[in-house]
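Chain A is the first sequence line, chain B the second, and so forth, proteins listed ahead of strands; every chain is numbered from 1. In what follows, every heavy atom counts, from backbone to side chain, and hydrogens, waters and symmetry copies are set aside. The model shown is predicted, which means the values in this text are computed figures rather than measured ones.
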Number of protein chains: 2
Amino acid sequence: MSGMRIGEVAQASGTTAKTLRYYEDVGLLPDPDRSPAGYRDYGPEVLDRLHFIRRGQAAGLTLAQIGQVLAIRDRGQAPCQHVTDLLGTRLAVIDRQLAELAQLRTTIAILREHATTGDPATCSPEDVCRYL
Amino acid sequence: MSGMRIGEVAQASGTTAKTLRYYEDVGLLPDPDRSPAGYRDYGPEVLDRLHFIRRGQAAGLTLAQIGQVLAIRDRGQAPCQHVTDLLGTRLAVIDRQLAELAQLRTTIAILREHATTGDPATCSPEDVCRYL
DNA sequence: ATCGACCTTCCAGTGCACTGGAAGGTCAAG
DNA sequence: CTTGACCTTCCAGTGCACTGGAAGGTCGAT
C-alpha cells in the first residue's frame, strides 16, 4: 500500500516539495520509502512530524533546535526537559525584545509627536524637522 | 580636532571595526571624516547612532528597517507631513510586531507550562512530546 | 630602522532556511 | 504515442548580517 507522494505531503502540510527534500537533506525528516521508480513514498506520520516542525518554528526555534528535540524523541527518550529549557530561553529572548520594541515605539511616537505638533509654517527645511 | 578612530568607536559601542565599515557600506552610518592618512575619524554623535541601531536590532528590526527610520531622521529637509506619515507607518508596523510578539510570548509560556507540569512518566516518546 | 598595533581596500565565505533551474525519468490520459 | 504533470538529482543563488583574510599603508615606541 503506497502512501503519499511528495506533492501531496507538501500540499497537506502547507510547505513545498523543495522544502521537504531540504528537510530530508538536513536530517529533520527520515529517508522515506521509495516507489519502484524512485518516487518518495511517505507514510501518514510524516504529517505529524511536519506539524511538530511548524509549531517549533512558530515558537521561534531554529531548525537545528527542532532537530535536537526530534533526535531525542527518535532515540526513544522523552524530550520534555529539553523542550522546557528551549522554551524558557526563547521566553527570555522574547521578553527582552518586547521591552526593546516598546522603548523604540515610545521613541518614535515622541519623534512623530514633535513632527505633528510643529507648526507647518515653522517647519522650515533646516529647522524643526531637524530634531527628529 | 580629531575624534575617534574606528577601533575606539568599535570598543565604545560594543561592535567591531568590520561591522562599522559594513554599516557605512550599507548606508547606516554616514561617511566619516578622514585623517590625512585616510583613517576614519568619527565624531561623538556616531555613538548615539550606533546605540539607536543596536536598540532597533534588539527589538527585532532589520537593518533595512532601522535604516529607513534613520533616513527619516537624517532628512531634515523633508516636509513634516511626509515625516509624520513615515513615522506613523513605522509605528503601525511596530505595534503589529509588538502584538505578534506578545501573542508568541503567551503561546510559548503556555507550551512551557504544559511541558513543565507534565508528568514525565506520561511524556512518552510516542507522544512526540505533544507539548510542542 | 624596525617592530607591532593599528588602519585601509577588496573579495570571498559563513549560517540559516530555503528557492530556482537545468537535465532527465515516470506515468495516466487522450 | 505523445503530451503534460509530476517526479528525480545536483548545483547554484537569495537575503540578511556579518566575518575572514590577503595585501598593503601609517604610526608611536624601542
Atom of B/Leu29, atom of B/Leu20 and distance for their closest heavy-atom approach: CD1-O, 3.9 Å

OP1 or OP2 of C/dT8 under 4.0 Å from side-chain N/O of B/Arg40: yes

Separation of atom CZ in B/Arg5 from atom C1' in D/dC27, rounded to whole Å: 9 Å

Rounded distance in Å - CG (A/Asp25) to C1' (D/dC11): 12 Å

Touch class at under 4.0 angstrom, heavy-atom based, for A/Thr62 against every strand present: sugar-phosphate

Atom-pair distance (CG on B/Leu61; P on D/dG15), nearest Å: 20 Å

Below 4.0 Å: OP1/OP2 of D/dC7 and any side-chain N or O of A/Ser35: no

Touch class at under 4.0 angstrom, heavy-atom based, for A/Arg21 against every strand present: base

B/Ala37 or B/Leu63, whichever maps to the more 5' nucleotide of DNA chain D: B/Leu63

Flag if over 12 foreign heavy atoms under 6.0 Å of CZ, A/Arg54: no

Phosphate OP1/OP2 of C/dT9 contacted by B/Arg34 side-chain N/O (<4.0 Å): yes

Below 4.0 Å: OP1/OP2 of C/dC6 and any side-chain N or O of B/Gln11: no

A/Glu24 CD to D/dT9 C1', straight-line distance once rounded to whole Å: 12 Å

Ionic contact status for B/Arg96 with B/Glu100, cut-off 4.0 Å: yes

d(CD1, A/Ile6; P, D/dC6) in whole Å: 13 Å

Candidates D/dC18, D/dG21, C/dC7 - which lies nearest the side chain of B/Lys18: D/dG21

Nucleotide nearest A/Tyr23 when distance is taken to its side chain, options C/dC18, D/dC7, D/dG25: C/dC18

Nucleotide C/dC27, atom C1' - distance to OH of A/Tyr39 in whole Å: 6 Å

Sugar-phosphate only, base, or nothing, as touched by A/Gln65 at under 4.0 Å among non-hydrogen atoms: nothing

Geometric cation-pi criterion B/Arg73 and B/Phe52, 6.0 Å radius, 45° cone: yes

Atom CD of A/Glu8: over 12 foreign heavy atoms under 6.0 Å: yes

Spacing of A/Tyr22 atom OH relative to D/dT9 atom P, expressed in whole Å: 17 Å

Whole-Å gap separating C1' (D/dC16) and CD1 (B/Ile66): 12 Å

Side-chain N or O of B/Thr16 closer than 4.0 Å to phosphate OP1/OP2 of D/dC18: no

